[in-house]
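Take a look at the structure below.
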Protein chains: 2
Amino acid sequence: MRMAELSRTTGVPVPTIKYYLREGLLTPGEQAGRNQVYYDDRHVRRIKMVRALAEYGGLSIAVIRELLAYIDHPGRDPLRLLGEAQATVIPRYERRDAPEEERGRRRLAEVIAKRGWKNVGDHPSFDAAAGVIGVLEQLGRQDVIEALDDFAAAAELIAVTDLRVVGDARDVERAVQVVILGTVLGDALLAALRRLAQSHVAYELETGDRTL
Amino acid sequence: MRMAELSRTTGVPVPTIKYYLREGLLTPGEQAGRNQVYYDDRHVRRIKMVRALAEYGGLSIAVIRELLAYIDHPGRDPLRLLGEAQATVIPRYERRDAPEEERGRRRLAEVIAKRGWKNVGDHPSFDAAAGVIGVLEQLGRQDVIEALDDFAAAAELIAVTDLRVVGDARDVERAVQVVILGTVLGDALLAALRRLAQSHVAYELETGDRTL
């Protein structure tokens with residue numbers, strides 16, 4: 001298809017597609033004759049993905065370029081690759097040596113030990129979670145901290161579903177796509193589902209259909 | 001305590017505290033003598049909360065001011081108030097009338113009907129979730145969409161814990177704090193726990209301790 005059709009099919013304006021081409025997010029189309037360039041379904045899929053990551057994931061063009069490199073040039077160890085791809089989209093957390101953060105780390109370590117989670121102590125999300133727990137502790141919100149075990153149990157259910165969807169990690173292009181979309185879009189989806197469920201549970205409590 | 005001690009206790013620099021005072025996020029201290037102003041524990045708690053919402057929640061001063069107004073001047077209907085307070089911190093979602101979003105809404109409605117969720121059709125998070133599902137559909141990620149029922153089940157478990165922590169909604173100051181912190185910090189905490197659990201599950205799959 002030509003540029004005009006590519007734009008119609010994807011719903012992305014021509015200048016934006018040209019911008020993606022200049023930024024190396026899209027491979028060039030096939031030159032056919034002097035002023036004819038043809039694009040195919042791979043371009044359609046790629047444009048939709050870039051658009052989704054930029055719009056829904058709020059990712060910068062630089063980060064998207066890095067992610068696409070993982071898809072286009074996958075490494076050898078699939079699980080390691082998936083972790084690296086995910087790391088590009090997880091917000092960086094600055095570890096602080098404040099006493100409440102240290103308490104947060106201890107509390108989180110207890111929760112992890114109770115659930116028997118392995119392979120998580122060095123994970124960048126450990127400090128992120130410990131930091132939030134530390135802040136909750138500093139604000140005196142022991143009530144939220146006491147619910148940690150239940151939150152961790154729910155997180156494990158979600159993770160099992162996540163890994164089932166990832167499926168065979170050796171199918172790297174597919175697996176990286178699922179990991180990235182599952183991280184970026186999945187966080188937004190789960191947050192929205194959590195609020196819908198809260199609204200439902202609150203309604204049932206109000207009508208007496210449920211007690212806690 | 002005086003300003004210098006207030007700063008030491010909270011770890012927040014004096015100019016930042018003065019900024020909070022000017023912006024109306026803190027009530028003025030008690031004037032005692034010509035150049036003496038005294039602050040108390042309420043100031044300490046409020047400063048820590050503002051700091052947490054700004055730093056961890058990434059909320060603007062304007063949004064924080066709005067939230068504090070809910071705490072300081074609670075309305076009459078507690079559950080309605082909690083919904084309104086939460087709405088100030090949920091990212092706005094622009095509904096689009098694209099065909100894939102319409103399909104996302106239908107798919108989400110099916111999931112909700114299956115779980116028997118009530119009181120959720122008009123919720124602002126409905127369109128947010130439907131939008132994400134629509135994007136996943138457009139990207140051909142049926143695999144993620146098929147996992148929706150499991151994600152919704154996990155979201156309901158989290159919501160039950162959330163409502164248990166909120167407890168008595170008539171204790172408005174406490175309930176609003178829990179809702180706001182549970183929304184802003186809770187999303188970050190759950191996202192981090194999800195990644196730790198993913199790392200654990202991936203490890204067990206690799207070592208053969210678990211099959212899916």
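The analysis underlying the following values was restricted to heavy atoms, covering all of them including side chains, and did not include hydrogens, waters or symmetry mates. In what follows, every chain begins at residue 1, and chains take the letters A, B, ... in the order their sequences are listed. Note that the structure is a prediction, hence the values are computed from the model and not measured.
For chain A, no part of B/Asp127 is nearby; none of its heavy atoms comes within less than 4.5 Å. Proximity to chain B (any heavy atom under 4.5 Å) is shown, for A/Leu185, by both the backbone and the side chain. At a 4.5 Å heavy-atom cutoff, the contact between B/Ile158 and chain A is made by backbone and side-chain atoms alike. If you measure heavy-atom distances from B/Arg164 to chain A, the contacts under 4.5 Å come from both the backbone and the side chain. If you measure heavy-atom distances from B/Val160 to chain A, the contacts under 4.5 Å come from both the backbone and the side chain. For chain A, no part of B/Thr207 is nearby; none of its heavy atoms comes within less than 4.5 Å.
In the displayed structure, B/Asp122 atom CG is contacted under 6.0 Å by at most 12 heavy atoms of other residues, nucleotides or ligands.
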* To do: Under the side chain to side chain contact (heavy atoms under 4.5 Å, CB included) rule, what do A/Asp143 and B/Val178 come out as? Steps first, then yes or no, please.
  => CA-CA 9 Å; A/Asp143 37 23; B/Val178 170; 4.0 Å; yes
* To do: I would like to know whether A/Phe151 and B/Asp162 meet side chain to side chain contact (heavy atoms under 4.5 Å, CB included); could you show each step before the answer?
  => CA-CA 9 Å; A/Phe151 287 136; B/Asp162 287 332; 3.3 Å; yes
* **Derivation and outcome, side chain to side chain contact (heavy atoms under 4.5 Å, CB included), residues B/Gln198 and A/His123** => CA-CA 11 Å; B/Gln198 286 169 342; A/His123 197 286; over 6 Å; no
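In terms of heavy-atom pairs under 4.5 angstrom with chain A, the leader among B/Leu190, B/Asp187, B/Leu205, B/Val165 is B/Asp187. Highest contact tally toward chain A, considering only B/Val201, B/Leu136, B/Leu157, B/Leu189, is held by B/Leu189 [criterion: heavy-atom pairs under 4.5 Å]. Counting heavy-atom pairs closer than 4.5 Å to chain A, the top residue among B/Thr183, B/Leu181, B/Asp150, B/Leu108 is B/Asp150. Per-residue counts of heavy-atom pairs under 4.5 Å with chain B were compared for A/Ala188, A/Ala159, A/Pro124; the largest is that of A/Ala159. Top candidate by heavy-atom pairs under 4.5 Å with chain A, chosen from B/Val111, B/Ile112, B/Val120, is B/Val120. The candidate with the highest count of non-hydrogen atom pairs below 4.5 Å against chain A, out of B/Gly167, B/Gly83, B/Gly140, B/Gly131, is B/Gly131.
Note: B/Leu196 CG to A/Arg115 CZ = 12.5 Å, rounded to the nearest 0.5 Å. Summarising the geometry, atom CD belonging to B/Gln138 is positioned 4.5 Å from atom NZ belonging to A/Lys48; distances are rounded to the nearest 0.5 Å. A distance of 12.5 Å separates CZ in B/Arg51 from CG in A/Leu139, rounded to the nearest 0.5 Å. Taking CZ from A/Arg194 and CD from B/Glu156, the interatomic distance works out to 14.0 Å, rounded to the nearest 0.5 Å. We find the CD-CG distance between B/Glu204 and A/Leu163 to be 10.0 Å, quoted to the nearest 0.5 Å. Atoms CG and CD1, from B/Leu193 and A/Ile133 in turn, are 6.5 Å apart once rounded to the nearest 0.5 Å.
The backbone N or O of A/Arg195 lies less than 3.5 Å from no partner atom in the side chain of B/Ser125, so there is not a single donor-acceptor pair.
Between B/Glu206 and A/Asn119 the shortest side-chain heavy-atom distance does not fall below 4.5 Å.
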